[in-house]
Participant: 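One structure, pasted below without further comment.
This structure is a prediction, so every number in the text was calculated from the model and none was measured. Letters A, B, ... are given to chains in the order of the sequence lines, protein chains preceding strands, and every chain is numbered from 1.
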There are 2 protein chains.
Amino acid sequence: MPTAPVRALEHPARGEIRLEGVLHALSDPTRLQIVRFLWRLDEAEGAPCSAIDLVVTKSTTTHHFRVLREAGVINQVYRGTAKMNALRRRDLDALFPGLLDTVLSADAIQCERDDREG
Amino acid sequence: MPTAPVRALEHPARGEIRLEGVLHALSDPTRLQIVRFLWRLDEAEGAPCSAIDLVVTKSTTTHHFRVLREAGVINQVYRGTAKMNALRRRDLDALFPGLLDTVLSADAIQCERDDREG
DNA sequence: GTCAAACTACGATTACCTTCGTACAATCGA
DNA sequence: TCGATTGTACGAAGGTAATCGTAGTTTGAC
């Protein structure tokens with residue numbers, strides 16, 4: 001009988017994901033940057049935390065990834081010393097159709113505007 | 001020469017509205033309830049703060065309306081003793097197409113689900 | 001076994017957010 | 001003018017959040 005994996009991570013089930021929580025998770029610039037980054041990846045693949053260049057320290061980075069995971073926005077899985085992160089696209093699209101796409105498209109528009117205006 | 005209206009209210013210009021601020025404003029259940037209510041109204045008309053039944057006190061209500069105004073989500077205008085509130089649909093749609101509709105539709109889905117599951 | 005890499009845990013700090021109560025201000029109608 | 005209606009200002013309490021530094025754990029590679 002195999003023992004449970006030592007380093008499991010708590011994720012909310014699909015039905016436990018709350019809109020307010022998702023919106024709050026996305027309302028932080030650093031977290032929005034993370035989500036923007038993950039959005040471009042294949043969901044199955046994911047990326048380690050270290051793949052993104054954030055302006056905060058490592059422990060703050062850990063904090064933001066956890067907020068995203070606990071809100072149900074991302075899925076985190078250990079692979080060796082790394083922790084692979086991927087968006088929970090399927091769950092979010094099933095719960096709140098179009099939300100993720102619309103927010104990220106709005107974010108893209110704002111980024112473009114910010115670039116243009118310096 | 002007419003003097004400026006005594007009771008003017010500060011609103012962010014369209015270009016000053018930030019996605020993070022909007023998402024944060026929408027991430028509170030009480031404020032989401034306000035926005036849900038205003039969504040059903042004609043933008044030109046609006047409704048006074050007292051038109052909505054919130055479970056918080058008057059001063060807390062004032063606070064939430066101000067957060068929404070300062071984030072650029074609603075427009076507030078004095079009319080007599082009342083303050084009329086309306087969504088800034090046009091501005092939000094121009095800045096972040098589909099965002100408001102998608103969030104409110106997600107909210108409607110969640111409300112329905114909550115009702116079903118008690 | 002050792003070491004480096006990737007990430008976590010914990011405590012501290014600083015700041016913000018939600019909520020309230022009380023007292024006040026502006027407007028309208030009688 | 002007086003009172004009722006609407007909403008504001010202010011201060012305070014209590015909770016939550018973002019950030020950091022330091023010290024640790026887990027894993028894979030040599």
Side-chain angles (χ1 to χ4, degrees), chain A residues 3-11 18 20-35 37-38 45-86, chain B residues 3-11 18 20-35 37-38 45-86:
Chain A
T3 52
V6 181
R7 305 175 70 195
L9 288 162
E10 286 289 322
H11 288 80
R18 302 294 302 172
E20 307 89 297
V22 171
L23 293 179
H24 173 253
L26 297 177
S27 72
D28 180 276
T30 303
R31 291 195 290 263
L32 209 43
Q33 184 183 347
I34 294 172
V35 172
F37 179 86
L38 294 177
E45 271 303 311
C49 301
S50 57
I52 316 180
D53 243 347
L54 299 175
V55 294
V56 295
T57 63
K58 268 195 303 181
S59 45
T60 303
T61 300
T62 298
H63 162 71
H64 284 305
F65 273 98
R66 179 167 47 207
V67 171
L68 287 170
R69 169 168 50 85
E70 291 179 346
V73 177
I74 67 171
N75 198 283
Q76 296 193 292
V77 165
Y78 282 108
R79 182 182 295 180
T81 66
K83 197 154 85 174
M84 303 304 280
N85 304 277
Chain B
T3 52
V6 180
R7 306 174 69 191
L9 288 162
E10 286 288 321
H11 288 81
R18 301 295 301 174
E20 307 90 296
V22 171
L23 294 178
H24 173 252
L26 297 177
S27 73
D28 179 276
T30 303
R31 291 194 291 262
L32 208 44
Q33 185 183 345
I34 294 172
V35 172
F37 178 86
L38 294 177
E45 270 304 310
C49 301
S50 58
I52 316 179
D53 243 347
L54 300 176
V55 294
V56 295
T57 64
K58 268 194 307 179
S59 47
T60 304
T61 300
T62 298
H63 162 72
H64 284 306
F65 272 97
R66 180 167 47 206
V67 171
L68 287 169
R69 170 168 49 86
E70 291 178 347
V73 177
I74 67 170
N75 198 281
Q76 297 192 295
V77 164
Y78 282 109
R79 182 182 296 179
T81 66
K83 197 154 86 174
M84 303 304 280
N85 304 276

Participant: With respect to the side chain of B:Thr81, which nucleotide from C:dT18, C:dA26, D:dT27 is positioned closest?
Facilitator: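 The nucleotide sitting nearest to the side chain is C:dA26.
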
Participant: What integer distance in Å separates B:His24:NE2 from D:dT16:P?
Facilitator: 14 Å

Participant: Taking the nucleotide of DNA chain D with the nearest heavy atom to each, does A:Gly80 or B:Thr61 sit closer to the 5' end?
Facilitator: B:Thr61

Participant: Heavy-atom distance under 4.5 Å between the side chains of A:Arg31 and A:His24, does that happen here?
Facilitator: yes

Participant: It should be established whether A:Ser59 places a side-chain nitrogen or oxygen under 4.0 Å from OP1 or OP2 of nucleotide D:dG21.
Facilitator: no

Participant: Between the main-chain N or O of B:Gly21 and the side-chain N or O of B:Glu70, is there a donor-acceptor pair closer than 3.5 Å?
Facilitator: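 The answer is no, because no donor-acceptor pair under 3.5 Å joins these two groups.
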
Participant: What's the closest nucleotide to the A:His63 side chain, out of C:dA5, D:dA18, D:dA9?
Facilitator: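 Taking heavy atoms from C-beta onward, the closest nucleotide is D:dA18.
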
Participant: Nearest of D:dC20, C:dT19, D:dT6 to any side-chain atom of A:Thr60?
Facilitator: D:dC20

Participant: In this structure, how many angstroms lie between the P atom of C:dT18 and the CG atom of B:Leu68, rounded?
Facilitator: 10 Å

Participant: Quick one: label A:Ser50 by what it contacts on the DNA or RNA (base, sugar-phosphate, nothing), any heavy atom closer than 4.0 Å.
Facilitator: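 Since only primed, P, OP1 and OP2 atoms lie under 4.0 Å of A:Ser50, the category is sugar-phosphate.
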
Participant: Which part of the nucleic acid, if any, lies within contact of A:Arg79, taking any heavy atom under 4.0 Å across all strands shown: a base, the sugar-phosphate backbone alone, or nothing?
Facilitator: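 Result for A:Arg79 = nothing.
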
Participant: Provide, to the nearest angstrom, the distance between the CG atom belonging to A:Asp53 and the C1' atom belonging to C:dA6.
Facilitator: 15 Å

Participant: Remember a base hit wins even if backbone is also touched, and classify A:Phe65 as base, sugar-phosphate or nothing at under 4.0 Å, heavy atoms.
Facilitator: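 If one applies the 4.0 Å heavy-atom cut-off, A:Phe65 turns out to touch nothing in the nucleic acid.
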
Participant: With side-chain contact (heavy atoms from CB on, under 4.5 Å) as the test, pick out the partner of B:Pro48 among B:Met84, B:Gln76, B:Arg79.
Facilitator: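 Only one option passes, and that is B:Met84.
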
Participant: Without decimals, in angstroms, what is the distance between B:Tyr78 OH and C:dC28 P?
Facilitator: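 That distance rounds to 13 Å.
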
Participant: In whole angstroms, how far is the P atom of C:dA6 from the CG atom of A:Leu9?
Facilitator: 18 Å

Participant: Where is the tightest heavy-atom contact between A:Ile74 and A:Leu38, given as atom of each residue plus distance?
Facilitator: CG2-CD1, 3.7 Å

Participant: Roughly how many Å is it from NE2 in B:His64 to P in C:dC17, rounded to a whole number?
Facilitator: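 Between P of C:dC17 and NE2 of B:His64: 12 Å.
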
Participant: Send over the distance from A:Lys58 NZ to D:dT26 P, rounded to a whole Å.
Facilitator: 16 Å

Participant: Report the nucleotide, chosen from D:dG7, C:dT19, D:dG21, that has the shortest atom-to-atom distance to any side-chain atom of B:Pro48.
Facilitator: D:dG7

Participant: Measure from the side-chain heavy atoms of A:Arg66 and tell me the nearest of D:dA17, D:dG21, C:dA9.
Facilitator: C:dA9

Participant: Taking only the side-chain heavy atoms of A:Ala82 (C-beta and beyond), determine which of C:dC7, D:dG7, D:dA18 contains the nearest atom.
Facilitator: C:dC7

Participant: As a test of reading the structure: which of D:dG7, C:dC17, D:dA18 is closest to the side chain of A:Asp28, going by heavy atoms?
Facilitator: D:dA18

Participant: List the atom of A:Ala86, the atom of A:Gly46, and the distance in Å for their closest heavy-atom pair.
Facilitator: CB-CA, 4.1 Å

Participant: Whole Å only: how far is the CD atom of A:Glu20 from the P atom of D:dT16?
Facilitator: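 It works out to 15 Å between those atoms.
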
